[in-house]
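Take a look at the structure below.
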Amino acid sequence: MSSSININQLVRKNVRELTPYQSARRIGGKGNVWLNANEYPTAPHFELTQQTLNRYPEPQPEQVINRYAAYAGVQSSQLIVSRGADEGIELLMRAFCEPGQDSILYCPPTYGMYLVSAQTLGIDYKAIAQTDDWQLDLTAIERNLETVKLIYICSPNNPTGNLLNQNDIRTLLDMAAGKALVIVDEAYIEFSIDNSVVSWLEQYPHLVILRTLSKAFGLAGLRCGFTIANTPVIEALQKVIAPYPLAVPVADIASQALSPENIKTMQLQVLNLNQQKAHFIDELNRLEQVESIYPSFANYILVKFKNCKMLFEYMWNHGIILRDQSKQPSLAGCVRISIGTPAECHAVIEAIKHFAIKEC
Ligand SMILES: *Cc1c(COP(=O)(O)O)cnc(C)c1O
């Protein structure tokens, strides 16, 4: 009897229709060169300090908050820490969007989680494609603002790697004033830190900025991200966040990663990675298979290849796992490659050369 119960019919309708987010780890692959998730290629070393685990953690660990606030140049009250920036994306929807009534707006090609979170929560969404040069289509956005409570933009944008024009972001903020929050996802901002809009917070009560320790800090496995905004926004998010979002060991390591000394180390590694990116681009540019390499302000590059599908599969079969972007709007033939160690970048170059020989 019980085996005939169809659990699926009990699942919420919008959840029944979901396909889980195709994260890099979920897609799988077998190999030794992993350049598909924009992770930092080497692991910073930390040790847990003496901690007891019989008590619940601090809901918002004070040292993590204070150190990140100092690092970002904001007040501690303008910050909430969560289980990755991904949780911040969702907290905003939970606090600001009435399902079936309000909507979010996002601008593809871009990061996939804005859509996934909206679909999971049953919140309507408007996808307003970027212009041909991957900037905001402000006219189309303005025409579609009705019912929109949250506008997600990403700069540097994942997967294209470019920055959004700051004047356009200001125009968008003016357009949205009193109607919607503008969320600028700065997951990769350390790789071009001068382009942060964090100093605009005073001017715009409806500006929100997402940050993470997953990329430049090299701590994707830690799951720690930040939402920065003016205090009224943060207070709304505090109401909907889980009671203890960061485990004690996570807060312990996050706090160490944000010491002045370790921030300096991170900044040096960013300089190093940016140099390496320039070198990698030079090498790629010499290869026949490469059609274009788009300017990147992050720790990955988007590359358009001739024979993209075959090349991607050749790399995959040879244990070099990249991220296929060819199904995203306007990205036909494009692959995203995270900048790895010098040895990993070299392996990519060599494999493309071998692919080319095999092709002829
Ligand atoms: C990686 C990434 C995130 C998520 O960061 P986590 O802190 O690991 O959840 C958010 N936004 C963009 C654009 C990303 O690429």
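Since the structure is predicted, the reported quantities are computational estimates derived from the model, not experimental observations. In each ligand, atom 1 is the first atom listed, and ligand 1 is the first ligand listed.
A salt bridge links Glu17 and Lys13; the closest N-O separation between the charged side-chain nitrogens and carboxylate oxygens is under 4.0 Å. Note on Arg223 versus Glu87: no salt bridge recorded, every NZ/NE/NH1/NH2 to OD/OE distance being 4.0 Å or above. Salt bridge Glu261/Lys264: absent, no basic N to carboxylate O contact under 4.0 Å.
Here Cys154 has side-chain heavy atoms under 4.0 Å from ligand 1, and that is the only part of it that gets that close.
Using 4.0 Å as the threshold, Arg223 has a heavy atom nearer than that to some atom of ligand 1.
A single hydrophobic cluster is seen to contain both Leu138 and Tyr204, as judged by linkage of ILVMFWY side chains at heavy-atom distances under 4.5 Å, directly or through other members.
Atoms of ligand 1 found under 4.0 Å from any heavy atom of Gly84 (numbered from 1 in listed order, with element): 6 (P), 7 (O), 9 (O). Short contacts between ligand 1 and Ser214, defined as distances under 4.0 Å to a heavy atom of the residue, involve ligand atoms 6 (P), 7 (O), 8 (O).
Protein heavy atom nearest atom 4 (C) of ligand 1, with residue, atom name and distance: Asp86 OD1, 3.3 Å. Ranking protein heavy atoms by distance to atom 12 (C) of ligand 1, first place goes to Asp185 OD2, 3.4 Å. Regarding atom 14 (C) of ligand 1, its nearest protein heavy-atom neighbour is Lys215 NZ, 3.1 Å. Counting protein heavy atoms only, atom 15 (O) of ligand 1 is closest to Tyr188 OH, 2.6 Å.
For an aromatic pair to be called close, the ring centres must be under 6.0 Å apart, and Tyr125 with Tyr114 fails this.
For ligand 1, the polar-atom distance check finds an N/O of Thr212 within less than 3.5 Å of one of the ligand's N/O atoms.
Proximity of a side-chain donor or acceptor of Asn272 to a complementary backbone N or O of Leu268 within less than 3.5 Å is not detected.
In the model, Asn38 has no side-chain atom that pairs as donor or acceptor with a side-chain atom of Arg323 under 3.5 Å.
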